[in-house]
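These notes are about the structure you will find just below.
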Amino acid sequence: MIRTQAAGTLRAEHIGHQVTLAGWVARRRDHGGVIFVDLRDASGVVQVVFRGGSAEADTAASAAHVLRSEFCVRIVGTVERRPAGNENPELPTGEVELTVTELDVLSESAPLPFPIDEHVGVGEEARLKYRYLDLRRSGPAAALRLRSDANRIARGVLGERDFVEIETPTLTRSTPEGARDFLVPVRLQPGSWYALPQSPQLFKQLLMVAGMERYYQIARCYRDEDFRADRQPEFTQLDIEMSFVTQDDVIEVGEEITAALWKELAGVEIPRPIPRITWHDAMDRYGSDKPDLRYDLTLTELTEYLRGTEFRVFAGAIAAGGYVGAVVMPGGAGQSRKELDGWQDWAKARGAKGLAYVVFDGESGAPKGPVAKNLSEEHLAGLADAVGAKPGDAVFFAAGERIGAQELLGAARQEIARRTGLVDENAWAFCWVTDAPMFLPVESSDDVAVGSGSWTAVHHPFTSPTAEWLDSFEQDPGRALAYAYDIVCNGNEIGGGSIRIHQDEVQRRVFDLLGITPDDAAEKFGFLLEAFKYGPPPHGGIAFGWDRVCMLLAGVDSIRDVIAFPKSGGGFDPLTGAPTPITPQQRREAGVDAKPKPKADPAQ
RNA sequence: GGUCCCGUGGAGCAGUUGGAGUGCUCGCCGCCCUGUCAAGGCGGAGGUCGCGGGUUCAAGUCCCGUCGGGACCGCCA
């Protein structure tokens with residue numbers, strides 16, 4: 001090593017020691033006769049002092065005048081106690097300083113594109129283009145170190161429980177998650193393409209057939225869909241699969257990992273067991289399959305209460321077998337007309353027709369507003385009680401197809417919480433959402449979901465129905481439930497999984513309902529079905545959205561902050577400039593334009 | 001594919017109903033300075049106001065288009 005100590009580790013006990021440090025010039029304070037430099041390395045910062053005195057110290061001091069921000073230097077000196085009154089209690093090393101006898105400039109730094117300074121905000125574009133400089137800052141660096149700790153903790157929990165860490169291919173076939181695939185041309189077989197895995201789903205099931213019994217992997221996954229603050233097309237899962245388990249067993253492991261992470265990295269003891277709510281209850285009460293339970297606000301269904309109303313918006317939904325519901329905005333009656341109109345724009349931006357509302361007068365409690373005029377005396381009289389509103393509150397309504405209307409109210413619930421400060425930013429609220437429906441009706445024609453039936457798998461087509469529905473899911477697919485579960489933290493889905501189908505006959509019936517013919521199935525997942533002929537064990541698993549988990553633990557707003565080199569919205573990497581066009585020769589060699597030769601698929 | 005917000009020296013921001021010369025803080029360069037720690041003092045350099053078009057006597061400001069970034073919807077566990 002070219003240094004004897006790490007800068008941030010120097011303490012009073014080192015006083016008198018001659019040490020060699022190496023790091024970067026974080027800041028210099030040149031007083032002419034004495035120069036202070038804050039020397040930073042990965043461990044922290046220590047103040048070094050250039051002062052004349054001896055021949056070599058004079059040489060170092062005069063050389064120090066040319067030091068600039070982020071010069072990389074090696075420094076030899078003596079650790080000394082700072083003069084009385086000059087200690088800096090803000091710094092862990094603030095009791096001491098290094099008096100320099102030798103300075104060696106290892107490399108110089110050009111003027112920086114932005115300051116490497118804790119208290120200066122820098123735009124994300126600049127940060128990502130010079131991410132290596134951004135990561136010299138303590139905040140961004142800490143986020144990556146936290147992620148490393150999370151990996152270590154998860155490996156520890158799983159290792160203790162005899163899980164086997166196994167890597168699976170990234171050049172493979174399409175997997176059944178239902179997102180768009182990234183495709184890779186294959187030079188050796190022009191016209192044929194690999195897909196990058198959307199998850200290791202099929203491989204981890206094969207590993208169960210292989211008798212590994214307990215598998216995990218910190219796996220890179222690829223889905224060619226649009227970006228969000230919590231979504232990149234290239235992301236990481238902590239992927240887990242177990243044999244001979246029930247849903248409760250998987251949930252127990254999931255809680256163990258979650259509890260360990262939050263205990264060590266957030267200093268929080270998560271109360272266990274983590275509460276469970278069924279998917280349908282979550283939709284009914286919170287209008288979301290990933291409810292934020294940091295606040296209490298719930299939805300109220302009014303379908304029965306308002307039956308018989310003449311207000312066309314509600315009557316139409318009820319007549320069509322739909323749903324009418326409401327959510328209260330505490331104190332919402334105090335909003336101006338403009339603010340209430342703003343909610344209409346908010347709803348329209350989400351694709352809704354609008355957001356009907358009634359406000360209750362702050363003193364009389366009398367219902368007011370355009371919708372109130374359309375409701376009968378009776379309906380108005382009992383409304384406040386029905387939805388749990390007090391004088392001074394506002395109530396928003398949604399009507400229409402059940403899930404769609406509930407989701408609108410769920411989004412309104414969140415927005416209400418945000419605007420009225422209901423969210424406790426220091427709270428951690430976890431829950432499991434269980435008993436997800438197996439199927440949803442296929443609506444949009446551009447759905448890339450597998451199969452051509454009128455139903456699509458909510459999770460993926462290998463998800464097992466619950467015991468109650470095992471024999472009967474075909475009879476009422478819309479109500480059939482699956483052993484599928486998500487873990488939710490503060491309104492973020494941080495993980496999800498299911499018990500898989502391991503019986504041939506059940507799998508065939510599910511494919512049948514999804515409109516996947518035996519030929520389709522053989523073509524898409526033939527290798528899996530083949531494997532399942534050879535004594536597949538009952539199995540199930542879970543995958544954590546690792547970027548989101550780290551984002552929450554780091555207390556940041558975007559997964560970009562916990563990814564070393566993230567991409568920006570258009571799939572563009574501001575640092576490398578990827579993606580780039582390819583040369584004609586690359587195009588030729590890659591076989592991008594080649595037609596596949598018809599041939600027998602050896603996987604069948 | 002859609003909605004909203006942003007784009008002004010290297011960084012972060014201000015710039016009013018369109019009105020003379022685009023301003024501030026930090027950084028950068030030079031000089032001074034022996035106890036600072038987001039050091040201080042003096043001086044200096046650095047700008048196609050993202051780009052293109054339009055309205056106007058006059059555009060950083062208004063309009064249209066376009067590019068880039070961000071948030072959201074669609075899409076996606």
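Lettering of chains follows the sequences in order, A, B, ..., and the numbering in each one begins at 1.
Minimum atom distance to the side chain of A:Arg68 is reached by B:G30, of the listed B:C28, B:G30, B:G70. Distance from the side chain of A:Ala229 is smallest to B:A71 among B:A71, B:A38, B:C76. With distances taken from any side-chain atom of A:Asp30 to the nucleotides B:C33, B:C76, B:G69, the minimum falls on B:C33. You'll find that the side chain of A:Arg350 is closest to B:C73, out of B:A11, B:G70, B:C73. Nearest to the side chain of A:Arg28, among B:G70, B:U36, B:C29, sits B:C29. Comparing B:C28, B:C37, B:C75 by their nearest atom to the side chain of A:Ser69 picks out B:C28. Nearest nucleotide to the side chain of A:Ala179, out of B:C76, B:G10, B:G74: B:C76. Residue A:Arg560 has its side chain nearest to B:A71 when only B:U36, B:G69, B:A71 are considered. Listed nucleotides: B:A77, B:G10, B:C75. Nearest to the side chain of A:Asp486: B:A77.
For B:G74, its base sits under 3.5 Å from the side chain of A:Asp226 at one donor and acceptor pair at least. Under 3.5 Å, the side chain of A:Arg29 and the base of B:C33 form no donor-acceptor pair of N or O atoms.
Taking atom NZ on A:Lys290 and atom C1' on B:C76, their separation rounds to 10 Å, with Å as the unit. We find that CG of A:Leu91 is positioned 8 Å from P of B:A38, with the value rounded to whole Å. Computed from coordinates, the A:Asp38 CG to B:C37 P distance equals 11 Å when rounded to whole Å.
With both pairing distances under 3.5 Å, B:C13 is matched to B:G23 as a Watson-Crick or G-U wobble pair. The partner of B:U48 cannot be assigned: no Watson-Crick or G-U wobble pair with both contacts below 3.5 Å exists in any strand. Pairing of B:U55, defined by two Watson-Crick or G-U wobble distances under 3.5 Å, is not identified with any nucleotide. Across all strands shown, B:G7 pairs with B:C67; the Watson-Crick or G-U wobble distances both stay below 3.5 Å. Nucleotide B:G40: paired with B:C32 (Watson-Crick or G-U wobble, both distances less than 3.5 Å).
In this structure, A:Phe182 has its ring center no closer than 6.0 Å to that of A:Tyr194.
Under a 4.0 Å N-O distance rule, the pair A:Asp134/A:Arg127 qualifies as a salt bridge.
Proximity of A:Asn86 to the phosphate of B:C37: no side-chain N or O atom is located under 4.0 Å from OP1 or OP2.
Side chains of A:Ile277 and A:Tyr286 form a contact here, defined as non-hydrogen atoms less than 4.5 Å apart.
Inspection of the A:Asp561 and A:Ser558 side chains reveals no N or O donor paired with an N or O acceptor under 3.5 Å.
No aromatic stack links A:His459 and the base of B:A77, using centre distance under 5.5 Å and interplanar angle under 30°.
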